[in-house]
Amino acid sequence: MTVTLETTQLAHEDHGTGVPVVLLHAFPLDRRLWSPQVPELSRACWLILPDCPGFGGTPSLPDGASIEDYAGLVVGLLDRLGVETAVVGGLSMGGYVTCALARLYPERLRAVILADTKAGEDSPQVKEGREATAASVLREGPGPLAEQMLDKLLPPSLPGRDIFSDEVQAMMLAASPEGIAAASRAMARRPDSLEALSRLDCPALVLVGEDDALTPPTEAERMATAMPRARLVRIPHAGHLSNLDQPQAFGKAVLEFLREQG
Ligand code: MLT
């Protein structure tokens with residue numbers, strides 16, 4: 001389902017020059033997720049970091065919005081920036097938006113980066129859980145969700161926890177309840193993207209933390225196997241937010257991939 005969009009534009013920051021590279025953040029975070037990658041990547045490309053609707057500086061879309069609507073806003077941002085084709089990447093929910101771009105706007109993709117995400121749709125049980133999340137966040141605000149998600153996003157046994165837990169908590173607590181609810185419901189409605197990925201005729205980097213329990217390496221393998229021009233990089237000692245657990249290894253994999261694209 002799509003909704004009629006007002007003139008919602010994606011808040012974003014950009015750094016550097018060269019090949020445009022859009023990175024889309026995870027749920028329920030915002031573009032600050034990519035802070036550790038900015039210094040290195042902005043020396044190699046034109047790094048464009050949007051906030052998805054309802055997170056950071058971008059207002060929520062109305063309830064009923066879809067992941068496809070989020071993808072449409074990314075295309076709107078590319079148009080405003082005068083960008084015909086970009087490398088587009090996303091982590092987890094950002095990957096779902098990237099998959100929607102692969103389904104609907106493959107001609108705008110120069111290459112894709114799919115990090116700690118999956119192509120499949122949600123099980124009925126997960127859909128129910130997302131509806132419960134939406135309802136509870138609208139009732140109680142983001143606090144309880146933030147508390148519940150911290151261990152999943154940054155498990156205490158992995159290196160990102162000690163370094164980034166304040167930042168991750170701050171992002172979750174800053175997200176609007178309406179934005180979290182709309183994103184939960186949009187994720188629950190997203191269709192399977194594996195077929196679209198298998199038709200994607202551009203280079204792809206699939207990244208996954210070896211200890212990612214939310215979107216495990218088997219999901220990454222499934223995408224990388226289906227995509228004709230994909231390479232899979234597994235990052236040791238990293239969980240779901242692999243770019244925070246291992247910023248150097250994550251940045252190195254992305255930089256190598258970008259260099260190969262020329
Ligand atoms: C995310 O990190 O974006 C979420 O875990 C995605 C999801 O809930 O499927």
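Heads up: numbering here begins at 1 and tracks the sequence. Each ligand, and each atom within it, is numbered from 1 in the order the structure gives.
Across all non-hydrogen atoms, the minimal contact from L24 to W34 is O-CZ2, 3.3 Å.
A donor-acceptor distance shorter than 3.5 angstrom exists from the side chain of R161 to the backbone of L154, with no hydrogens or angles considered. With N243 contributing its side chain and F250 its backbone, the two residues share no donor-acceptor pair below 3.5 Å.
Ion pairing between a basic and an acidic side chain is recognised when a charged N comes within 4.0 Å of a carboxylate O; D212 and K118 show no such pairing. Ion pair K252/E40 not flagged as a salt bridge, since none of the NZ, NE, NH1 or NH2 atoms sits closer than 4.0 Å to an Asp/Glu carboxylate oxygen. Using a 4.0 Å cut-off between charged nitrogen and carboxylate oxygen, R190 and E121 do not count as a salt-bridge pair.
Enumerated by chain and number, the residues approaching ligand 1 to less than 4.0 Å through a heavy atom are A26, F27, S92, M93, Y96, R130, M187, L214, H240.
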